[in-house]
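The figures here come from the full heavy-atom set of this structure, side chains too, leaving out hydrogens, waters and symmetry mates. Naming convention: chains lettered A, B, ... in sequence-line order (proteins, then strands); numbering from 1 in each chain.
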Amino acid sequence: MNKVVAGADEAIKDITDGVTIMLGGFGLCGIPENCIAALVKKGVGNLTCISNNAGVDDFGIGLMLKQKQVKKMISSYVGENAEFERQLLSGELQVELIPQGTLATRCLATGYGMPAIFTPAGVGTEVAEGKEVRQFNGKDYLLELAFEADFALVKAWKGDTQGNLIYKETARNFNPLMAMAGKVTIAEVEILVPEGELDPDAVHTPGIYVHRIFQGTDYEKRIEQRTVRKRN
Amino acid sequence: MNKVVAGADEAIKDITDGVTIMLGGFGLCGIPENCIAALVKKGVGNLTCISNNAGVDDFGIGLMLKQKQVKKMISSYVGENAEFERQLLSGELQVELIPQGTLATRCLATGYGMPAIFTPAGVGTEVAEGKEVRQFNGKDYLLELAFEADFALVKAWKGDTQGNLIYKETARNFNPLMAMAGKVTIAEVEILVPEGELDPDAVHTPGIYVHRIFQGTDYEKRIEQRTVRKRN
Amino acid sequence: MAGLQSIMALTKEQIAKRISRELKEGYYVNLGIGIPTLVANYIPEDMNVVLQSENGLLGMGPFPLEGDEDPDLINAGKQTITTVPGSVFFDSAMSFGMIRAGKVDLTVLGAMEVSDKGDIANWKIPGKMVKGMGGAMDLVASAKNIIVAMMHTNPKGESKLLPACTLPLTGAGCVKKIVSDLAVLDVTPDGFKLLERAPGVSVEEIKAKTAGRLIVEGDIPEIEVKKEVGSRR
Amino acid sequence: MAGLQSIMALTKEQIAKRISRELKEGYYVNLGIGIPTLVANYIPEDMNVVLQSENGLLGMGPFPLEGDEDPDLINAGKQTITTVPGSVFFDSAMSFGMIRAGKVDLTVLGAMEVSDKGDIANWKIPGKMVKGMGGAMDLVASAKNIIVAMMHTNPKGESKLLPACTLPLTGAGCVKKIVSDLAVLDVTPDGFKLLERAPGVSVEEIKAKTAGRLIVEGDIPEIEVKKEVGSRR
């Protein structure tokens with residue numbers, strides 16, 4: 001079961017105009033840098049992107065926005081990015097904002113074969129508009145549907161040739177959820193190992209969810225908010 | 001944050017007659033042996049037990065059945081146990097059988113604060129009787145409610161003083177799901193370590209879900225179906 | 001009926017071997033208890049197939065060597081097993097999650113009855129002690145591709161391929177293919193479609209032993225049983 | 001209104017310090033961006049409190065020492081952080097799962113407006129660029145205990161404690177307590193109940209600056225600010 005492809009260009013070769021893509025990461029942490037670079041190079045457009053954030057002006061999904069490859073963003077928090085704001089205000093870009101936990105759980109629902117979930121997030125707010133509200137044990141919940149995504153692009157720390165993945169620290173975030181939710185899931189990893197080298201108890205994403213895997217290169221792993229304590 | 005208690009007797013001291021208990025494990029694999037022994041010793045009765053299986057005559061939940069401590073079993077597969085069958089046929093014991101995936105997912109729902117889930121398991125069968133059927137994308141699903149359980153008793157391989165847990169191999173099974181689903185969750189572990197000794201990326205159950213933890217003793221870890229290949 | 005009793009029916013091993021020919025490179029497969037388990041013995045050596053065990057394992061290996069049994073490592077039949085390189089463990093919610101999400105390519109399981117609409121009954125006999133459905137209802141409700149391995153008739157010689165199941169259902173309209181001791185059949189909107197017959201078993205015998213709607217079109221080839229498929233177990 | 005302007009209002013640090021007195025041994029706490037983040041600086045040294053960061057961490061430690069920043073280790077505000085002994089990472093579904101399941105004992109967050117029914121608005125100003133709700137809607141809809149840290153009035157001097165929010169809601173009927181620069185108030189079925197006032201701030205000033213229903217019963221003690229609470233950060 002060898003799912004290894006040569007690199008990002010090969011991994012994304014069937015991503016075409018107009019498809020829906022999930023991209024893992026929170027802020028710039030744990031984003032699929034290599035896949036994004038390949039999409040920018042390929043110039044594929046009219047994309048719907050499901051991602052918690054939309055990058056910054058010169059990194060992450062911001063690079064795709066700069067090239068106007070994105071038709072619609074489905075996110076929980078955006079706009080750390082001037083070009084994003086410009087396109088949004090000019091009407092070039094559509095944005096659908098959904099609560100972060102709803103975003104995560106709708107990915108989980110897809111990966112777990114559940115067509116919809118109930119969440120209290122957004123009850124009594126504009127997020128609830130047009131949605132079914134249902135009460136359980138005296139509390140109101142919104143019915144939220146599982147996502148459909150043609151491709152999921154995720155970034156892991158380690159992976160094996162079968163597509164088993166292990167994430168590092170908070171770079172895990174949405175990655176394992178989106179890995180489960182793509183019709184085709186593409187994983188880029190910092191360290192690719194032969195099958196049998198990962199601890200079977202420590203794998204976060206079983207390879208059954210992953211269709212292609214490659215060892216990424218030149219990770220920048222940019223820090224968005226560098227906060228430190230002074231050394232004495 | 002020290003959740004360590006001295007042992008099983010102390011851990012279960014507030015489990016009283018008539019409560020609902022979840023017990024982790026699949027077959028005899030990964031069952032909370034020490035907690036079961038303490039419940040048998042304490043003699044608490046009239047219990048509702050949620051557990052995938054009901055043990056064998058002289059081990060696991062079978063020990064509690066022998067003492068007639070169980071009023072009702074909620075399980076997916078039972079009866080590997082003559083005393084169980086006798087009590088069931090005599091009407092002493094109630095049994096509710098539910099599909100294994102439904103059992104697992106209803107635990108997940110509780111732990112994830114989702115009041116209900118949709119699953120196709122059981123559609124068109126007697127399991128669907130009295131349940132809401134709902135169609136999504138042309139496929140029928142049953143609405144199944146999250147569990148409510150007063151206590152969850154789980155067994156992990158390693159745990160730390162904060163209640164973070166790591167399971168071993170297929171002894172994981174229902175344990176992390178039930179750990180999330182108990183109003184009070186009690187974990188017994190083979191190896192108890194100080195906080196900071198578990199790999200934060202490798203923990204399966206975050207301690208926030210666990211209320212008490214103790215190092216178990218004298219694990220028998222009985223094998224239900226010993227199947228082997230001959231050595232040459 | 002006795003006059004039609006075939007002595008050439010497939011053995012359980014031959015049923016399993018025939019089912020193994022439905023495997024494809026890269027498949028993730030869930031094998032039920034009984035004949036389905038035997039399919040693992042006939043996976044071609046050069047084919048990559050990963051076995052799922054619904055208690056929480058991808059990459060099930062053969063039984064352990066004597067003395068190597070590990071009580072923490074069992075399959076859904078509660079048998080001691082081993083792992084293979086690339087194996088991974090997970091909890092039961094993720095296990096049934098991947099099943100419901102259609103990530104398992106093929107599910108093979110046994111049945112007491114199958115209807116010509118693809119309904120399956122394999123968990124409960126009224127009046128007998130009911131042990132439970134385990135994961136069977138989840139599997140049949142979710143799998144994209146379900147093959148049933150079964151005897152064509154019960155010990156009394158009565159057909160188990162029926163117009164409608166008499167036993168409580170495990171799932172409705174889900175079986176895609178049946179490999180019995182007598183035949184290979186697809187379940188189609190018009191009923192069971194006979195594809196292959198066991199060597200020496202006549203179409204007439206299959207007709208006589210199939211109570212549900214049966215479609216027979218053209219020549220029905222014999223199931224190939226002689227060729228030894230390479231085993232890796 | 002200027003005549004009532006207090007010069008004794010609490011600083012942001014003092015608001016955070018006052019909120020830290022709501023912490024209890026063994027609490028799991030989620031701190032929002034802004035003033036709430038400062039609460040971490042005032043956790044008593046001998047108290048075990050675990051900080052949750054909703055991007056996927058329990059056990060958030062202080063900012064790293066210069067040069068120790070780890071790009072894979074950030075909090076929900078995207079700041080570089082550290083872990084503490086016992087920290088554990090998880091994915092965002094589990095993170096919001098434990099939030100929805102009520103496992104987080106206390107959530108502290110900022111607000112633009114709070115109504116006397118406990119409604120909160122803190123994510124959107126019509127006509128301005130909307131950045132999104134992030135995890136705020138999940139947190140306010142699920143937390144058992146929500147304390148809002150906020151200024152009592154906006155820069156124009158208008159009350160932010162209202163009979164009804166004018167801005168789009170983040171959540172309805174969820175806020176339990178408010179610690180502002182002027183006062184500590186519970187949200188009750190009958191409106192804001194004044195519990196404490198900032199040193200030197202009169203009940204009259206608080207009344208004047210609270211547009212929603214305000215309950216004042218008996219003597220209102222001053223918020224204790226002088227005592228230095230031990231910090232572990």
Side-chain angles (χ1 to χ4, degrees), chain B residues 26-30 52-53 75-80 84-85 88-89 95 97-105 107-109 111 119-127 139-141 157 167-177 204 219-232, chain C residues 33 37 53-57 60 62-83 87 89-100 119-121 123-124 129-142 168-174 233:
Chain B
F26 176 83
L28 301 179
C29 180
N52 191 62
N53 310 92
S75 302
S76 91
Y77 195 85
V78 294
E80 291 151 313
F84 182 97
E85 189 163 345
L88 179 62
L89 296 175
V95 176
L97 293 170
I98 57 184
Q100 191 175 337
T102 303
L103 184 70
T105 314
C107 294
L108 180 79
T119 175
V123 168
T125 77
E126 63 183 50
V127 165
K139 184 170 171 133
D140 286 338
Y141 295 82
W157 176 49
Y167 309 91
K168 188 162 169 243
E169 302 170 341
T170 56
R172 195 182 317 180
N173 56 63
F174 286 87
N175 280 301
L177 305 167
H204 299 126
Y219 281 105
E220 183 176 340
K221 297 174 79 165
R222 197 185 294 187
I223 291 174
E224 200 164 344
Q225 302 280 348
R226 188 177 305 271
T227 47
V228 295
R229 285 177 297 158
K230 285 250 176 264
R231 287 182 188 274
N232 290 344
Chain C
I33 297 169
T37 300
S53 189
E54 67 266 26
N55 53 321
L57 168 63
M60 181 163 56
F63 295 142
L65 291 171
E66 291 174 292
D68 287 349
E69 311 91 277
D70 176 352
D72 290 323
L73 182 48
I74 64 171
N75 65 16
K78 295 166 188 120
Q79 300 169 310
T80 46
I81 49 163
T82 56
T83 56
S87 284
F89 298 105
F90 35 83
D91 65 47
S92 299
M94 178 178 264
S95 183
F96 285 94
M98 64 183 66
I99 288 167
R100 279 195 306 264
D119 301 340
I120 177 171
W123 77 286
K124 184 174 185 177
M129 165 73 190
V130 180
K131 296 200 169 189
M133 66 293 279
M137 283 194 181
D138 307 274
L139 281 159
V140 301
S142 303
L169 292 191
T170 309
C174 49
R233 294 281 144 76

What part of [X] gets closer than 4.5 Å to chain C, counting heavy atoms only: side chain, backbone, both or neither?
X      : value
B:L103 : neither
B:N53  : side chain
B:S75  : neither
B:F84  : side chain

Proximal component of [X], with respect to chain B [non-hydrogen, under 4.5 Å]:
X      : answer
C:S87  : neither
C:F89  : both
C:D119 : neither
C:V130 : both

Self-check item: Worked verdict on B:E224 versus C:K78 for salt bridge (charged side-chain N to carboxylate O under 4.0 Å, His left out)
Solution: CA-CA 6 Å; B:E224 200 164 344; C:K78 295 166 188 120; 5.1 Å; no
Quiz prompt | Largest heavy-atom contact set with chain C, pairs under 4.5 Å, which of B:G27, B:A104, B:P176 | solution = B:A104
Exercise. Mind listing the closest non-hydrogen atom pair of C:R100 and B:T119 along with its distance?
Key: CD-OG1, 3.6 Å
Quiz item: Taking all atoms of both residues into account, what is the closest heavy-atom pair of C:P71 and B:C29, and its distance?
Solution: O-SG, 3.4 Å
Look at the side chain of [X] and the backbone N and O of [Y], then say whether any donor-acceptor pair between them is shorter than 3.5 Å.
X      : Y      : value
B:Q100 : C:G135 : yes
C:D91  : B:L177 : no
B:T227 : C:T80  : yes

Quiz prompt | Nearest-0.5 Å distance, CD1 of residue B:I223 to CD of residue C:E69 | solution = 5.5 Å
Quiz item: Should C:W123 and B:E126 count as side-chain neighbours, where that means a heavy-atom distance under 4.5 Å?
Solution: yes
